[in-house]
Amino acid sequence: MKSRSELPPLRWLGNLADAAPRLPLHRPRLYYSQRARDDADASNSVLPAIARRARGLINELAEDCYFDQVLEVQCIEFSLPPGPTPEEILNSSVGKPHLWSDEFEEWAEADLCDFIEVFHDQAARPIRRWFHTFADTVCGWHVESFSKRSGQAIYRWRMNQLLDSTPFEFRLAETGEDTGRMVRRIPSDLGRLVDEVLGDAAAGDPEAHAIFLFRQRDATREDRRSAVVALAGVLEERRELLKEQLLKKDERALFEIANKFALRHRKANQRGDYDDAYLEWIFYWYLATVHLTRQLSGDTPDTPQGTLP
């Protein structure tokens, strides 16, 4: 093959283009701030924009009367009982009346989460309403009855659509004992696993509480370890089923991992220097196995059918 200097320029460029897919990728070495950047940094940089969108969605729902059950409603004809203002609700709930202002640049992550959670708890879907006019003057809609259950479900759906389109790593829990509270976003496939386990679990089941511990927004390493221990306890109770249904001795691996890595008993000869990613891996492995044991045993509660009221 001729050297590069002996090839016509266009032919040499063509050969280089053909070889490009086989060339090793070169990435420049990152500086400290670039290495340390993570999803939280990305989320914080767009917090004001997310806050504006969340406020816009709440305003939209307010126009559709989703907060009329609690907020003050004006009427040109009738004297209605006074209700609290948004500032008063935020103040009584989290002590942050200023969150109703437009100073989103000053918000922290906790402010956005508080704001979204507080208005989740106030949401109620209007069931029956009537349009009021008086003396040729339009007053607007007045609502006679509400449904908090379906109103909060719609609020979670709309707000999660918004949050999932951003780099923010949290969303509103849609099932479980932390429903309506901001939890860590879970990859879609694992999210379906969580929803299925919560759908099968009864109130107070240890697997439901383990999910609550693991995915809460401010979960510590100890919270996550406790969640894994709780799931290990569930599997221990179903060990005979695992022995019968899995290949011989396979069920031992479930417990050997938890025991060797200081998750359950914390003995001196156990390893405690594992990465947090290990906790996440074993949590979802255990959760999937718990779900499998429920399916194998047929131990799933009946799920009520029908639409939300």
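Values reported hereafter were calculated over all heavy atoms of this structure, with side chains retained and with hydrogens, waters and symmetry mates removed. Fair warning: this is a prediction, and the values are worked out from it, not measured in the lab. One-based numbering along the sequence shown.
D68 and A62 get closest at one heavy-atom pair: OD1-O, 4.3 Å. Here the shortest heavy-atom pairing between L99 and F115 reads O-CE1, 3.8 Å. Looking at every heavy atom in both residues, L198 comes nearest to R215 through CD1-NH2, 3.8 Å. Scanning both residues, S226 and L213, for their nearest heavy atoms gives CB-CD1, 4.2 Å. Across every non-hydrogen atom of A227 and A210, the tightest pair is CB-O, 3.4 Å. Counting all heavy atoms, side chain and backbone alike, E174 lies closest to R156 at CA-NE, 3.8 Å.
Salt-bridge formation is detected for the pair R55/D102: a Lys NZ or Arg NE/NH1/NH2 atom is positioned less than 4.0 Å from an Asp or Glu carboxylate oxygen. Between E207 and R238, at least one side-chain nitrogen of the basic residue sits less than 4.0 Å from a carboxylate oxygen of the acidic one, meeting the salt-bridge criterion. Comment: R53 does not engage E60 in a salt bridge, judged by the lack of any side-chain N to carboxylate O separation of less than 4.0 angstrom.
Between the NE2 atom in H120 and the CE atom in M182 there is a gap of 11.5 Å [rounded to 0.5 Å]. Here the straight-line distance linking atom OG1 of T293 with atom CG of L241 works out to 6.5 Å at 0.5 Å rounding. In this structure, CG in N91 is found 9.0 Å from OG1 in T85, a value given to the nearest 0.5 Å. How far OG of S101 is from NZ of K96: 12.5 Å, rounded to the nearest 0.5 Å. A distance of 13.0 Å separates CG of L61 from CD of Q122, quoted to the nearest 0.5 Å. Rounding to the nearest 0.5 Å gives a distance of 5.0 Å between SG of C113 and CD of E109.
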Practice task
Show the numbers, then the answer: is there a side chain to side chain contact (heavy atoms under 4.5 Å, CB included) between F283 and R224?
Solution key: CA-CA 8 Å; F283 173 81; R224 293 188 163 202; over 6 Å; no
Practice task
List the steps and the verdict of side chain to side chain contact (heavy atoms under 4.5 Å, CB included) for V228 and Y286.
Solution key: CA-CA 7 Å; V228 171; Y286 277 15; 4.1 Å; yes
Exercise for the section: Output, in order, the C-alpha distance, side-chain angles, deciding distance and verdict of side chain to side chain contact (heavy atoms under 4.5 Å, CB included) for F168 and L112. Expected result: CA-CA 10 Å; F168 201 54; L112 177 59; 3.9 Å; yes
Handout entry: Stepwise side chain to side chain contact (heavy atoms under 4.5 Å, CB included) test for L162 and I50
Key = CA-CA 8 Å; L162 185 159; I50 300 173; 4.3 Å; yes
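Ring centers of F119 and W100: under 6.0 Å apart, within the cut-off.
In this model, a donor atom of one side chain and an acceptor atom of the other lie less than 3.5 Å apart for E196 and H291.
I282 is not listed as a side-chain neighbour of L231, based on a closest heavy-atom distance of 4.5 Å or more. Using a 4.5 Å cut-off on side-chain heavy atoms (C-beta onward), F170 and R184 make contact. When side chains are defined from C-beta on, P126 does not count as touching D64, because their heavy atoms never get closer than 4.5 Å.
Within the 3.5 Å criterion, the main-chain N or O of D121 finds a donor-acceptor partner in the side chain of K148. No donor-acceptor pair under 3.5 Å is formed between the side chain of E117 and the backbone N or O of D114. Within the 3.5 Å criterion, the main-chain N or O of W157 finds no donor-acceptor partner in the side chain of N160. Side-chain N or O atoms of S93 include none that pairs as donor or acceptor with a backbone N or O of L90 at under 3.5 Å. No donor-acceptor pair closer than 3.5 Å links the side chain of Q216 to the backbone N or O of V183.
When each of R149, R125, M159 is checked for a side-chain contact (heavy atoms from CB on, under 4.5 Å) with I154, only R125 meets the rule.
Under a cut-off of 6.0 angstrom, the local environment of CD in E103 is sparse, with at most 12 non-hydrogen atoms contributed by other residues, nucleotides or ligands.
Relative orientation of the F67 and Y155 rings is perpendicular, given thresholds of 30° and 60° on the angle between their planes. Classified by interplanar angle (parallel below 30°, tilted 30° to 60°, perpendicular above 60°), the ring pair F104/W107 is perpendicular.
Residue L172 is not grouped with residue F212 when hydrophobic side chains (ILVMFWY) are merged at heavy-atom distances under 4.5 angstrom, including chains of intermediate members.
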